[in-house]
Amino acid sequence: MKKIDSFSEYKNEYKKSLDNPELFWAEKASTFQWRSKWNKVLNWDFESPIIEWFIGGKLNITENCLDRHLKSNGDKVAILWEPNDPNDSSVKITYSELHKKVCEFANVLLNHGAKKGDRICLYMPMIPELTIATLACARIGAIHSVVFAGFSAKSLADRINDSSCNILITTDGSYRGNKQICLKEIADQALVFCKTIESCIVFKRTGEEISMKSDRDFWWHDEVLKVSDFLTATEMDSEDPLFILYTSGSTGKPKGVQHNCGGYMVYAEYSFRNVFQYNENDIYWCTADIGWITGHTYIVYGPLLSGSTSVMFEGVPTFPDPGRFWEICEKYRVNIFYTAPTAIRALQAYGTSYPKKYNLSSLKTLGSVGEPINEEAWHWYNKNIGNENCSIVDTWWQTETGGILISPLSHITKTKPTYATLPLPGIQPCLVDENGDEISGNGVEGNLCIKFPWPSMIRTIYGDHKRCKNVYFSIYPGKYFTGDGCKRDNDGFYRITGRVDDVINVSGHRMGTAEVENGINEHPLVIESAVVGYPHKIKGQGIYAYIILEKNSTSVDELRMQILETVVKEIGSIAKPDKIQFVTGLPKTRSGKIMRRILRKIAEGETSNLGDTSTLLDPLVIDQIIKNST
Ligand code: WTA
């Protein structure tokens, strides 16, 4: 696929994509290997919603990620794996080796009865086998559902059950910094509640003692010995599901966002090449985890579709010391580096001595994703990591969008700190006011919607199409609503200001306040809770929980501990509140709705200017809360 190489070409391409979107995307799609070509490019209606791309086209995404590179690039390295412990050996996997390993594991899945359309859950650390297992599912047309390995047994079980997965792939344990986590034990706890799992395949990573249930649990290394390393890929329809990935919303349980094969493939490669301006011999490194969408699109699919060499890292940025990211950049001569603002801020706190120790001159492009990047972090990244020579691409997108929608193109689009800048060709953003009317012109602010489909957009919420319609397509009929607030400045550049719903973004992880509340409420002494986000120096947003307790004699410190443990058990440690305030009442309207707006202000440290409180049932509650706020 040819990439855009100047700003005037970007403008041309953008115009082409508006004038004739179908022709525009058909041209991009034609650079892939299709078993048979589509007969219609697009069918859509944001009312139902129906979104179909490359209709009737047949393909398998793994043939595009692997097979098509074999002839000319079989010996090229696909994955450079860096283990958690820098003293352990790294691993190099070429495209032809990866092809074999994927085929081999796909055969294992077939041996365990997996079929096209089955759901397979992956609960694994950042090891090459996670990429292999992901692609093996895609190879046989099974729908992968990767669950971040930091989630609790309860969260894992909920996700497995929501999509009735029949196979779970996991490891004995995982390493993260100086911690060793027994994943299999967590998986075992989850599987007690999962009736649909027939096989659990376990890769040996740590070698720790684990229990293996006969007839259900199988070692990866035993299973691969029984199969061949070749397998013709299953033919998929362009609109067959490729994967489900759970993400949090304002209300209810996490939603299984579904992406389909053809459109996702086209947009993953298109956005990867253009945003990062990927060149044939570049070394690319995205520090995300495959358990999130960034890992799906920009560790697994985008880079492999482009035939690139990527670094994959098992560990954390501060182990064995806060220079680890920069050490890895130097070791592999990384050209394109993609991380989250929370990591930048965390490393910034250790000063410049760590990055100074390493030669970072190979870097050309620095990416940011997952949350708004504050100005200070932007400048620190630009100066101390990029040596003011790199282009900083602040990429805005979501699990639902499948790929980056608004971002500078590296070294092409003028950058502005904190601005995601301009939409990629094919993307039609608009800002709307409270009445749902589109706000025209520049120098304006509103809620961010997208008014025309793009190939990698969400197709449905697995098992609940109505919820998909309600959450994304009903609030502003005829448009996809992102849930984000946004400014458009006088140059027409976009700046994302953060979520306008009850979703908070903690260290780049998306969390529903209701989800955290449900976790807290599981504690037997909790009567009610209300959770809001507040500005946090490193995490972007922290979690502030206001909790009403039953009368009891347990000490407050003990209760705090217990509640944190409950949340870890219910969701995982990423959902642990940073601050807990025990209160006797919550500000509610006469109809019983909690006024989070007020709680948010108090959590931000605001004690006056709380806005209109006249609809409150008991305004005195607020004084109480302010008096005891932390
Ligand atoms: C936020 C992550 C500002 C936003 C890819 C969005 C951002 C949510 C940016 C999606 C950015 C992501 N600037 N905010 N560059 N990128 N966000 O689904 O609020 O985990 O709605 O996808 O993260 O989070 P998700």
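Read the numbers this way: they start at 1 and go in the same order the structure lists the ligands and their atoms.
For ligand 1, the atoms sitting less than 4.0 Å from at least one non-hydrogen atom of V369 are 5 (C), numbered in the order shown with element in parentheses. Each of the atoms 1 (C), 23 (O) of ligand 1 lies under 4.0 Å from some heavy atom of N505. Atom numbering of ligand 1 starts at 1 in the shown order; those under 4.0 Å from a heavy atom of T294 are 5 (C).
Of all the listed residues (D394, V393, I496), D394 holds the heavy atom that lies closest to atom 15 (N) of ligand 1. Within the set E371, Q398, H509, the minimum heavy-atom distance to atom 11 (C) of ligand 1 is found for E371.
Atom 3 (C) of ligand 1 has P372 N, 3.1 Å as its closest protein atom, hydrogens excluded (heavy atom only). D484 OD1, 2.6 Å is the protein heavy atom nearest to atom 19 (O) of ligand 1. If you check which protein heavy atom lies closest to atom 25 (P) of ligand 1, you get T399 OG1, 3.5 Å. Looking from atom 24 (O) of ligand 1 to the surrounding protein, the closest heavy atom is R510 CD, 3.3 Å.
With salt bridges taken as basic N to acidic carboxylate O contacts below 4.0 Å, none links E604 and R600. Under the 4.0 Å criterion applied to side-chain N and carboxylate O atoms, K154 and E515 are not assigned as salt-bridge partners.
Just one of Y267, Y298, W292 meets the ring pair (Phe, Tyr, Trp, His ring centres under 6.0 Å) condition when paired with W397; it is Y298.
At least one heavy atom of W397 sits less than 4.0 Å from an atom of ligand 1. At least one heavy atom of G370 sits closer than 4.0 Å to an atom of ligand 1.
The proximity of T395 to ligand 1, defined as any non-hydrogen pair under 4.0 Å, is limited to the backbone.
Aromatic pair Y246/Y462: ring centres not closer than 6.0 Å.
Taking a 6.0 Å sphere around NZ of K3, one finds it holds more than 12 heavy atoms contributed by other residues, nucleotides or ligands. E438 CD: more than 12 foreign heavy atoms inside a 6.0 Å radius.
Relative ring orientation between F46 and W44 is described as perpendicular, the plane-to-plane angle rising above 60° on a 0-90° scale split at 30° and 60°.
Cation-pi geometry between K451 and Y480 is not satisfied (NZ or CZ under 6.0 Å from the ring centre, within 45° of the ring normal).
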